[in-house]
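In what follows, a single structure is set out as structure tokens and then discussed.
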Amino acid sequence: MEKLTLEYLRTIERKWQQIWKERNIYEADADPKKPKFFLTVPYPYTSGPLHIGHGRTYVLGDIIARFKRLLGFNVLFPMAFHVTGMPILSISDRISRGDRKTIDLYRTYVRLYIDNEEEVERVLESFKDPINVATFFADNIQKDFESIGLSIDWRRKFHTAEPIYNKFIEWQYYRLKDLDLLKKGTHYVRYCLLHKQPEGEDDIEDGDVNPVHIQEFVAIKFKYEDGYILASTLRPETLYGATNMWVNPNATYVKVRVHNGEIWYISRESLIKLKHQYPFEFEAIEDTIGSAFVGKYVESPLGDKLVILPASFVDPDRVTGFVYSEPADAPYDYAALMDLKRNPDTLRKYGVDPSILDSIKPKKIIEVKGISGLHAEYVINKYNIKNQLDPSLQDATEEVYREQFYNGTMNENAGELAGLPVIIARDRIREKLIRENKAIIFYETSRKAVCRGKGKIIIARVDNQWFLDYSSEWWKKKTKEHFKRMLIVPEKYRKVFEDAIDWLKFRPCARLRGLGTRLPFDKEWLIESLSDSTIYMAFYTIVHIIRSSNIDPEQLTPEVFDFIFLGHGDPAAISTKTGIPIDTLEKMRRSFEYWYPNDLRHTATPHISNHLTFFIMHHIALFPEKYWPRGISLNELVICEGQKMAKSRGNVIPLVDIAKKYSADLFRLYVASSADLDGVVDWREVEVARLERSLLSFMRICLDATKIEEADTSVIEKPAVRWFLSVFYRHLENAKTLLENFKIRDYITSMYYEIINYIDKIKKRIGEHDALKAVRLILKDWIIALSPVIPHIAEEIWSRINRDPLKWSINLERWPETRKEFINERLEALEDILGNLISLGRELKRLLKSPVSSALIVVAAEWKFEVLDLLREKFLKGGTRDLKQMLGQVREKESLRKHIEQVAEILKKVFEGKIKVPEVELTQRDVYEYLQQNREHIARELDVASVEIIIEETATPDIRDRAQRSLPDRPIIVFA
RNA sequence: GCGGGGGUUCCGGAGUGGUCAAACGGGCGGGACUUAGGAUCCCGUGGUGAAUGCCUACGCGGGUUCGAAUCCCGCCCCCCGCACCA
């Protein structure tokens, strides 16, 4: 007898994975005779190892694939690898540069797969070429996938930097351009001054944990001497409350002549930024120290004269290095003014008379419900802010900003903005100032940032940026129409998609660096990673043919794809032109036509608003309607011991650990059963350990049952076994429905947990050996039904009981038929009555103060059965609630008439919902006999020496009161 | 702010118009087995009760209904998304 341990499970898992692979059991080819099901799960990004959260998504996809195979579908479940974009390149760059943190991190990653240290270093060295990063992880992720038992057709794998894939994407972009969905325009990006190139999140130091956003400031021109001081703000509507100007006295400013001859005064740092944002010439005339401005005056576009005062919080490296002061609503301004009032010497130092402060009065211009005084003052007090260098000012500012933006209204002090909500006023004044040449837009990073090579990040303008125009009207309209017809599981995510389709506007779809495919008509641009992975499911249908036919990338011209995917063109002509044999072209066309559309795409919810929506839209733009996607199913994430998995927490469990430390089937069962699709799976070691014990004991039962001869049906007539067969087949039927509706968790509860409980129950009734015989009767059907979740264990059991060499694998089986002849609702109802009786009996027994040795069970009187039968007809089906009418019908029955008062009571309680009408028709005799048959069982369970069963009609007077309370499904127990 | 999800018993989490004191699991209490047990199994876990019941809970406040955790209105709180990034 095998010792059942995790190690044993791992052994059989490896064994079967090996066999499945050798026999290519998951390879699927077009076969017009068979119905097809084309399932995809998005390919992983191969910049590092996957974790168990990814594993959940792939396993759920795999369960669906396996279930569909059991239903007789020809299932295609392919996989590939995504390498496009910056992350992999960035990792490679960092490793080449000798970045310690990255090297250490990747060393731990490589060690997950390789235990020879020399080899680890060799691999790490190879990562200096980005394609090696991609292929190393792609190869190992494939192994991880195999090790958790995914039923993937690996012949179709590819990665997105391969020339054949590039050709496919080129075709896509030619088509998009033909459709006029590709547009050129201006765009602002994060840009590194050192490397003179745009930098993505991956290139920016801490960009992943503390992302850098692009903020749009308005730099307003204030008249100053021979030109303008540019003071910047995110809140131009506050111009109406401006009281003074701030300058950093220690910073260096520069006087600049711009293209139209205007003179601007701005900080030295900001000149560099402006040069990257405006295409015209800037002529630096002279530098000025900030203190030189102090005490002088500017004039705002509204005509207000404002004095320039010193403030240390003003950062010359933030926008223009000047800010105007609006102390009513800006906590920084308010605090800086307070500081000056407290320390008048500061002003004297710059030769300014402190009395000037007396004329500076905050001017309230924004009303927010619940704030009566100055909003800035309110938060200064709330956060207990001491001075202008207090770090809490940031939070205080954000609070005011948020409150005023969403809930603020401009008051009568705000000139032409008066009465407008802030949200409108801001846009209005910005447009106006810019239109009148009184301000410019200035883009700035949301925080100070450097790239991983320590170069300073600013915001720069990119001309000729390529965009995908998702705002295109026909495109959106068609998408919305088709989307209504798509299957979305769980349905609650439908709205998120609809919103995403609405939100999408222009989206930059190419960048200047990275791995991937170049735009064929503008070769300096590389198609960005979310834009080159929208229709690749189509590529799966032909990629294995491209490879096996040794087609060169150069042969894959747009005409080839036009023919395969759209049926355009003459294959003979294309064949002549490209050298691809005509039958190969036609084979690819047939394969595509067979497999498409994608029947189901399964993935995790974060992809909804980007990838999945692009996926739908691109199909709609590029393919004929019959090839548009049919459905999407989604699952939530995995957390670990109640906490989000994060590199920074160090609690990420790599997928590779599953096959090393746990077991594939254990993992599969856990992630599929511990939460519904829309619930978060919490990976908790104690729970996993518990499930492990359960799974091993399940395995034990199955293995023991295999030792019983299939022909041994000696127990089949036992009531407990008949009952067991009934509940089993009802559950089997139910499980199929659940799976068809993607209720994977409920299916496992029904087919796994509940069946195990039923086996425990019959063990008590008929003993372990007979229980195993009963299990043997359903074993084959049971393991087939469980094979989608635990394919390895199922296969192992299968291999021990299957006698048909043609059906060597459980993968070749079909979902078992429900054996209706075994379903016996009456028996189940009787068993329920018995079960309830026992549990009630136990409860009552506990209440008794004195020990008891016998139980008298009273089955309800015959007439009560009649009443409930009547109710079942009239009440359950018809739904009448009319007591009088019901009583009228009761009176017509001779047998019931004499009990009319009690009947009325029962009816009342039924209407109140206190008594349930049993769904199955039973007679008093049925119940009586069933209880008789199970007297010993009842005695054992209630721990009494004797059990007597009588019917209410024969109850002796001393117990008659109690006996009267009996109901057909609720006999009375009297202990003595 | 907008959009989405959610607030249920000690905890995690079922339940979306009536069999609900509330699935399932954890924790806790008791018992069995045992040299022992962190292993396994059984029982219990709102209150009350010598009886097969009764009373009470579902964020807060109203309403609809014979009947509401479930439907409607208002309010409070928590989580996620709001993009160009895979």
Side-chain angles (χ1 to χ4, degrees), chain A residues 42 44-47 82-88 187 189 200-202 207-208 211 213-214 402-403 405-407 421-423 465 467-468 470 490 492-500 502-511 514 528-531 533 605-611 613-614 636-637 642 673-676 678-680 682 684 686-687 689-691 693 697 745-746 749 753-754 757 760 764 836-837 839-850 852 857-858 881 883 909-919 941 961-963 965-967 969-975:
Chain A
Y45 196 76
T46 57
S47 59
H82 200 199
V83 308
T84 305
M86 284 305 303
I88 289 173
H187 186 237
V189 295
E201 188 175 291
D202 301 289
D208 43 346
H213 305 288
I214 300 176
R402 199 172 46 239
E403 280 294 307
F405 184 63
Y406 296 121
N407 305 318
V422 168
I423 205 162
Q465 168 74 47
F467 292 88
L468 272 164
Y470 290 104
K492 73 180 196 186
Y493 296 115
R494 186 174 290 276
K495 181 85 171 86
V496 186
F497 275 99
E498 285 167 354
D499 289 346
D502 276 333
W503 285 164
L504 283 174
K505 292 190 180 71
F506 272 50
R507 182 193 163 86
C509 63
R511 49 195 327 178
E528 165 281 332
S529 67
L530 282 179
S531 302
S533 55
T605 52
H607 293 126
I608 295 175
S609 60
N610 40 60
H611 165 70
T613 305
F614 302 157
E636 277 291 343
L637 308 172
S673 70
S674 61
D676 287 319
D678 59 349
V680 172
D682 191 356
R684 297 175 62 193
V686 287
E687 295 291 323
R690 190 173 313 281
L691 188 63
R693 290 192 292 274
S697 80
R745 182 198 196 191
D746 295 337
T749 305
Y753 292 104
E754 292 187 354
N757 284 343
D760 281 345
K764 278 193 192 170
N836 290 337
L837 181 75
S839 93
L840 184 66
R842 278 192 183 133
E843 193 188 328
L844 293 174
K845 199 163 158 258
R846 242 194 337 276
L847 287 177
L848 297 177
K849 298 264 189 312
S850 46
V852 296
I857 293 167
V858 185
R881 304 196 159 275
L883 192 65
K909 287 198 169 173
V910 168
F911 289 154
E912 281 170 10
K914 288 183 177 169
I915 290 176
K916 175 202 164 199
V917 181
E919 281 170 33
E941 290 292 313
D961 277 357
R962 282 188 245 166
R965 301 203 198 182
S966 63
L967 287 168
D969 62 344
R970 207 191 289 160
I972 288 293
I973 309 171
V974 180
F975 287 106

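Proteins come first, then strands; the chains are lettered A, B, ... in the order of their sequence lines, and each starts at number 1.
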Requested in this report: Find the distance A:D746:CG to B:A23:P and express it as a whole number of Å.
Outcome: 16 Å
Query raised in the report: Which base sits across from B:C82 as a Watson-Crick or G-U pair, both distances under 3.5 Å?
Result: B:G1
**Report entry** Nearest-angstrom distance from the residue atom NE2 of A:H82 to P of B:C85
**Finding:** 14 Å
Query - A:P606 vs A:D678, nearer the 5' end of RNA chain B by closest nucleotide - result: A:D678
Requested in this report: Report the distance from atom CG of A:D760 to atom P of B:C24, rounded to the nearest whole Å.
Outcome: 14 Å
Requested in this report: Indicate, with a heavy-atom threshold strictly under 4.0 Å, whether A:R507 touches base, sugar-phosphate, or nothing.
Outcome: base
Report task. Give the intermediate values and the outcome of side-chain contact (heavy atoms from CB on, under 4.5 Å) for residues A:T605 and A:D678. Result -> CA-CA 9 Å; A:T605 52; A:D678 59 349; over 6 Å; no
Report task. State whether A:R684 places a side-chain N or O below 4.0 Å from either non-bridging phosphate oxygen (OP1 or OP2) of B:G25. Result -> no
Requested in this report: Whole angstrom is fine here: how far is it from CG in A:L840 over to P in B:G49?
Outcome: 18 Å
Query raised in the report: Where the side chain of A:K492 is defined as all heavy atoms beyond and including C-beta, which of B:G5, B:C84, B:G3 is the nearest nucleotide?
Result: B:G5
Report summary line: Across every strand shown, the nucleotide meeting Watson-Crick or G-U wobble geometry with B:A14 (both distances under 3.5 Å) is none
Requested in this report: Take A:T84 and A:S533, measure what side-chain contact (heavy atoms from CB on, under 4.5 Å) needs, and give me the verdict at the end.
Outcome: CA-CA 9 Å; A:T84 305; A:S533 55; over 6 Å; no
Query raised in the report: Expressed as a whole number of Å, how far does the P atom of B:G61 sit from that of B:A50?
Result: 34 Å
Query raised in the report: Are A:S609 and B:G81 close enough that a side-chain N or O sits under 4.0 Å from OP1 or OP2?
Result: no
Query raised in the report: What distance, rounded to whole Å, do you find between the two C1' atoms, one in B:C58 and one in B:G6?
Result: 14 Å
**Report entry** Partner nucleotide of B:U19 by Watson-Crick or wobble geometry (both distances under 3.5 Å)
**Finding:** none
Query - Sugar-phosphate, base or nothing in reach of A:R494, heavy atoms under 4.0 Å - result: nothing
**Report entry** Distance, C1' atom - from B:A86 to B:C79, rounded to whole angstrom
**Finding:** 23 Å
Query raised in the report: With a non-hydrogen cut-off below 4.0 angstrom, is A:R962 in contact with a base, only sugar-phosphate, or nothing?
Result: base
Requested in this report: Output the single nucleotide from B:G4, B:A86, B:G27 whose closest atom is nearest the side chain of A:V496.
Outcome: B:G4
Query - P gap between B:U35 and B:G25, integer Å - result: 30 Å
Query raised in the report: If pairing requires Watson-Crick or G-U wobble contacts with both distances under 3.5 Å, which nucleotide is the partner of B:U52?
Result: none
Query raised in the report: Could you state the CG-P distance from A:D682 to B:G12, rounded to the nearest angstrom?
Result: 11 Å
Report task. Taking atom C1' in both B:U64 and B:G74, compute the distance separating them and give it to the nearest angstrom. Result -> 15 Å
Query raised in the report: Roughly how far, to the nearest 0.5 Å, is CE of A:M86 from OG of A:S47?
Result: 12.0 Å
Query raised in the report: Heavy atoms under 4.0 Å, any strand shown: does A:F506 hit a base, just sugar-phosphate, or nothing?
Result: base
Query raised in the report: At under 4.0 Å, does any side-chain N or O of A:R690 touch on OP1 or OP2 of B:G26?
Result: yes
Requested in this report: Would you mind telling me which of B:A51, B:G3, B:A83 lies closest to the side-chain atoms of A:D499?
Outcome: B:G3
Requested in this report: First locate atom OG1 of A:T613, then atom OH of A:Y470, and finally report the distance between them rounded to the nearest 0.5 Å.
Outcome: 9.0 Å
Report task. Sticking with atom P, work out how far B:G59 lies from B:G7, rounded to a whole angstrom. Result -> 7 Å
Requested in this report: Let me know the distance between CG of A:D961 and C1' of B:G53, rounded to the nearest Å.
Outcome: 15 Å
Query - Distance between C1' atoms of B:C76 and B:C28 (Å, rounded) - result: 33 Å
Query raised in the report: What's the verdict on side-chain contact (heavy atoms from CB on, under 4.5 Å) for A:V189 and A:R511, showing C-alpha distance, side-chain angles and the deciding distance?
Result: CA-CA 10 Å; A:V189 295; A:R511 49 195 327 178; over 6 Å; no
Report summary line: Separation of B:G3 atom P from A:L504 atom CG, nearest Å, is 18 Å
Query raised in the report: Taking atom C1' of B:G81 as reference, at what distance in whole Å does atom NE2 of A:H611 sit?
Result: 18 Å
**Report entry** Selected nucleotide, minimal atom distance to A:E528 side chain, candidates B:A51, B:G13, B:A86
**Finding:** B:A86
Query raised in the report: What integer number of Å spans the C1' atoms of B:G13 and B:A22?
Result: 12 Å
Query raised in the report: Which is true for A:N610 with a 4.0 Å heavy-atom rule: it touches a base, it touches only sugar-phosphate, or it touches nothing?
Result: base
Report task. Evaluate the criterion side-chain contact (heavy atoms from CB on, under 4.5 Å) for residue pair A:R507 and A:F614; output intermediate values, then yes/no. Result -> CA-CA 11 Å; A:R507 182 193 163 86; A:F614 302 157; 3.4 Å; yes
Query raised in the report: Any side-chain N or O of A:R965 under 4.0 Å from OP1/OP2 of B:U52?
Result: yes
**Report entry** Residue A:K495, side-chain atoms from C-beta onward, closest of B:G3, B:U52, B:G27
**Finding:** B:G3
Query raised in the report: So, the side chain of A:Q465 versus the backbone of A:A510: is there a donor-acceptor pair under 3.5 Å, distance only?
Result: yes
Report task. Describe, in one word, how the ring planes of A:H82 and A:Y45 are oriented to each other, choosing from parallel (under 30°), tilted (30 to 60°) and perpendicular (over 60°). Result -> perpendicular
Query - side-chain N/O A:R745 vs B:G13 OP1/OP2, d < 4.0 Å - result: no
Report summary line: B:A68 -> Watson-Crick or G-U wobble partner, both distances under 3.5 Å, gives none
